[in-house]
Amino acid sequence: MPTTCQASYPSAWDGYQACASYDGLDWFRIPSTTFNQETGVLSISHTPDHDVVHYAYFAPYPMQRHEQLVHSMQMHSHIKLQVLGQTIDGRNMDMLQVGEDEADQPRKKRVWLAARQHPGETQAEWFMEGLLNRLADTHDPVTKAALKSCVFFCIPNMCPDGSARGHLRTNAAGVNLNRVWKVNDPQTSPEVYYTLQAMAAEGVDFMLDVHGDEELPYCFVAGLDGIPAWGPRLQGLQSAFCTSFTQHSPDFQASPSILGLASSTPHQVTWKLHV
């Protein structure tokens, strides 16, 4: 595989192990994957047990599975599938609303979750599938408690065109959606444009922007430090979130930079927190 030197993040190949699958469902790693930094060549040495095998950078999340996910979720009485608009290639911008306000009760908090702004980060939609499966289970005590106070707005795939085209970080117009939330164009970044319209209509109390890192095998939050509105309030909310997350998930690791300390700790599935 001699084109590695043209990759967006060639440093990510160092220590990497390719993914493989015989049926496209169950994926495993190839420990004998090697990368030569001098030649820029990635080598996958593998003797398959069957005649056909699929290799991938990350375990893919196919568009067919996305369709099955959103269509199956709308079968639950407390989940609604909404199409926010159309992408450049004419695909639906799917959003799943879980829960709703109750008559004569205070308005519930609006919680937004978006995944795969960078379409090649397929781990993000696998996370969304797991989250939605839990929110769909009304017998789950955590789900029951969450739905009493919150309405969830979940966008499993923010960049369906990029996913279908095999892009790593951009949509059909070559736009990195993660960079156009302040200034966006419905012609070149309709995904962000329609999402912001929906947010303006519903309001936002909390948002998670779910990503996947190319080279860091850990779980962490990329925080809000450095934004114009950063101050004691946001710092307190972010610290409270990280503390709670640490208590509830052994996989989570709080980065020193997020807690206001020096340096950073390496991590894996990126949780970008917007409060």
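What's counted below: heavy atoms across the whole structure, side chains too, no hydrogens, waters or symmetry copies.
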Calculate, to the nearest 0.5 Å, the distance between atoms [atom1] and [atom2] belonging to [X] and [Y] respectively.
X	Y	atom1	atom2	result
Leu96	His71	CG	NE2	9.5 Å
Lys80	Phe153	NZ	CZ	9.5 Å
Leu177	Asn184	CG	CG	9.5 Å
Phe35	Glu38	CZ	CD	10.5 Å
Gln68	Glu129	CD	CD	9.5 Å
Ile155	Thr195	CD1	OG1	3.5 Å

Does the side chain of [Y] come within less than 4.5 Å of [X]'s, by heavy atoms?
X	Y	value
Val210	Leu131	no
Gln86	Pro190	no
Glu191	Thr87	yes
Ile227	Leu234	yes
Asn157	Asp94	no
Val70	Gln74	no
Met158	Met93	yes
Tyr193	Val180	no

Which heavy atom of [X] sits nearest a heavy atom of [Y], and at what distance?
X	Y	answer
Arg91	Met63	CD-CE, 4.4 Å
Gln238	Gly223	OE1-CA, 3.4 Å
Pro119	Gly162	CB-C, 3.5 Å
Phe58	Asp213	CZ-O, 3.8 Å
Pro156	Cys154	CD-O, 3.4 Å

Same cluster or not: are [X] and [Y] linked, directly or through other Ile, Leu, Val, Met, Phe, Trp or Tyr residues, by side-chain heavy atoms under 4.5 angstrom apart?
X	Y	value
Phe28	Ile44	yes
Trp27	Leu42	no
Tyr194	Ile88	no
Val53	Ile30	yes

(request) Could you check Leu135 against His78 for side-chain contact (heavy atoms from CB on, under 4.5 Å), going step by step and ending with a plain yes or no? (result) CA-CA 9 Å; Leu135 290 176; His78 66 297; 5.5 Å; no

N/O donor-acceptor pair under 3.5 Å between [X] side chain and [Y] backbone:
X	Y	answer
Asp161	Asp89	yes
Asp185	Gln187	yes
Trp112	Asp209	no
His167	Thr170	yes
Thr122	Ala59	yes
Gln117	Asn178	yes
Thr143	Thr138	no
Ser249	Phe245	no
Thr33	Ala18	yes
Thr188	Ala173	no

(message) Please verify the inter-ring angle class for Tyr22 with His50; under 30° counts as parallel, over 60° as perpendicular, anything in between as tilted.
(response) perpendicular

(request) Take the angle between the ring planes of His118 and His211 and call it parallel below 30°, perpendicular above 60°, tilted in between. (result) perpendicular

(message) Please evaluate residues Thr34 and Asn36 with respect to the criterion side chain to side chain donor-acceptor pair (under 3.5 Å), reporting the C-alpha separation (whole Å), side-chain torsions for both, the decisive distance (0.1 Å), and the verdict.
(response) CA-CA 7 Å; Thr34 60; Asn36 187 314; over 6 Å; no

(message) For Leu25 and Arg65: C-alpha separation, side-chain torsions, deciding distance, then whether side-chain contact (heavy atoms from CB on, under 4.5 Å) applies.
(response) CA-CA 10 Å; Leu25 297 175; Arg65 190 179 184 101; 4.2 Å; yes

(request) For the pair Arg29 and Cys19, evaluate side-chain contact (heavy atoms from CB on, under 4.5 Å) and give the outcome as yes or no after the intermediate values. (result) CA-CA 5 Å; Arg29 294 284 186 174; Cys19 297; 3.3 Å; yes

(message) Enumerate the salt bridge (charged side-chain N to carboxylate O under 4.0 Å, His left out) contacts for residues 110-126, please, sequence neighbours excluded, ordered by first and then second residue.
(response) Asp101-Arg110, Arg110-Glu202, Arg116-Glu125, Glu121-Arg169

(message) Using side-chain contact (heavy atoms from CB on, under 4.5 Å), reason through Trp13 and Tyr57 one step at a time and then give a plain yes or no.
(response) CA-CA 10 Å; Trp13 296 119; Tyr57 186 24; 3.9 Å; yes

(message) Check this for me, if you would: do Lys108 and Glu102 make a salt bridge, where the nitrogen-to-carboxylate-oxygen distance has to be below 4.0 angstrom?
(response) yes

